[in-house]
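A short worksheet on the structure shown next.
Atoms considered below: every heavy atom in the structure, side chains included; atoms not considered: hydrogens, waters and symmetry mates. All chains are named by letter (A, B, ...) in the order of the sequence lines, taking the proteins before the strands, and each is independently numbered beginning at 1.
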Amino acid sequence: CYSRNHFLNMYIKSGSMIEAWEVFDRLTEQNAVSWNTLIVALSEMGSNREALRCLKQMQLEGISPSLVTCICGLKACANVGAIDSGQEIHTLIRLNGFEKDILIGNTLVDMYTKCGLFLEAQLVFDKLQVRNVVSWNAMLGGHDLSYVGRTPMECFEQMQEDGAKPDETTFKCLITACSHSGLVDKGKEYFKAMKDDYGIPPREEHYTCIVDLLARSGNLYEANKLVNSMPCSPS
RNA sequence: UCCACUAAGCC
């Protein structure tokens with residue numbers, strides 16, 4: 001069944017969804033992994049409702065959702081703001097004792113922020129036993145932090161006190177958060193600090209973030225200057 | 001370790 005699932009994934013990754021379904025149907029024994037593979041594929045192609053239907057279906061067929069199933073399901077919920085299903089999955093998580101898992105926790109935080117339940121997200125976040133850079137990035141990037149009475153700056157400091165090392169994604173989230181809160185100077189500072197103090201060379205997306213920040217604040221001249229000084233796209 | 005967490009703008 002091992003190789004069968006690989007096979008299934010191969011079709012999916014090459015974009016042959018029809019063949020993938022055929023392979024799936026012909027599997028004599030669909031285990032949680034085959035279902036997960038399908039659910040991920042569906043949600044990646046934007047068929048999130050269909051993905052959630054699969055999650056129900058697998059249960060009807062007597063296969064219990066694994067930890068990975070819960071993660072994939074939550075992502076599908078996050079994509080379409082399906083808070084009801086999200087909460088059902090959260091219940092499932094509790095029933096199975098998956099809640100201490102960091103990946104589960106991070107995905108829950110993300111799902112709740114994407115669904116607009118910021119306090120719920122904060123609650124899950126606070127209850128995490130261990131937090132990593134992804135947890136912090138999810139908080140930082142998910143929504144306007146002012147909903148939970150925080151600023152991007154505080155969040156950024158706290159994450160470091162907590163021992164998380166800011167990465168590329170952190171700065172994308174951080175600068176975007178500044179941009180959305182009108183914190184123009186702070187955003188510029190962070191952009192500079194990123195390479196000067198943290199040794200992270202800005203990528204194309206970081207330039208997009210900072211240009212967006214400048215342009216939004218009416219700083220067209222500076223934005224233009226920056227675009228012209230950009231190195232050619234690395235990758 | 002068959003599958004799995006966060007990630008800019010435009011729309």
- Would you please name every residue forming a side-chain contact (heavy atoms from CB on, under 4.5 Å) with A:Gln30, sequence neighbours left out? A:Phe24, A:Leu27, A:Ser34, A:Trp35, A:Glu61
- With sequence neighbours excluded, residues passing side-chain contact (heavy atoms from CB on, under 4.5 Å) with A:Cys70: A:Ile89, A:Leu92, A:Ile93, A:Phe98, A:Ile104
- Could you list the residues that satisfy side-chain hydrogen bond (donor to acceptor under 3.5 Å, both in side chains) with A:Arg94, not counting sequence neighbours? A:His90
- Task: Enumerate the residues from residues 173-194 of chain A whose closest heavy atom to RNA chain B is under 4.0 Å, giving them by residue number; use none for an empty result.
- Result: A:Thr176, A:His180
Output side-chain donor-acceptor pairs under 3.5 Å for residues 74-87 of chain A, partner residues at least two apart or in another chain, one line each.
residue : atom : partner : partner atom : Å
A:Asn79 : ND2  : A:Asn48 : OD1          : 3.0
A:Asn79 : ND2  : A:Lys75 : O            : 3.3

- All side-chain hydrogen bond (donor to acceptor under 3.5 Å, both in side chains) counterparts of A:Asp25, not counting sequence neighbours: none
- Message: Show every salt bridge (Lys or Arg N to Asp or Glu O under 4.0 Å) that has at least one partner inside residues 133-154 of chain A, sequence neighbours left out.
- Response: none
Just list the side-chain donor-acceptor pairs under 3.5 Å for residues 11-23 of chain A, sequence neighbours left out, or say none.
residue : atom : partner : partner atom : Å
A:Lys13 : NZ   : A:Asn9  : OD1          : 3.3
A:Ser14 : OG   : A:Met10 : O            : 3.2
A:Ser14 : OG   : A:Tyr11 : O            : 3.1
A:Ser14 : OG   : A:Ser16 : OG           : 3.4

- Numerically ordered, the residues 49-74 of chain A set in heavy-atom contact under 4.0 Å with RNA chain B is A:Leu67, A:Val68, A:Ile71
- Item | Partner set under side-chain contact (heavy atoms from CB on, under 4.5 Å) for A:Leu183, not counting sequence neighbours | A:Pro152, A:Met153, A:Cys178, A:Ser181, A:Lys186
Check residues 123-135 of chain A and write down every donor-acceptor pair under 3.5 Å in which the side-chain atom is one partner and the other belongs to a residue at least two apart or another chain.
residue  : atom : partner  : partner atom : Å
A:Arg131 : NE   : A:Phe125 : O            : 3.2
A:Arg131 : NH2  : A:Asp126 : O            : 3.4
A:Asn132 : OD1  : A:Asn106 : ND2          : 3.2
A:Asn132 : OD1  : A:Val134 : N            : 3.0
A:Asn132 : OD1  : A:Ser135 : N            : 3.0
A:Asn132 : OD1  : A:Ser135 : OG           : 3.0
A:Ser135 : OG   : A:Asn106 : OD1          : 2.8
A:Ser135 : OG   : A:Asn132 : N            : 2.9
A:Ser135 : OG   : A:Asn132 : O            : 3.2

- Message: Using a 4.0 Å cut-off on heavy atoms, which residues in residues 115-128 of chain A reach RNA chain B? List them by number, or say none.
- Response: none
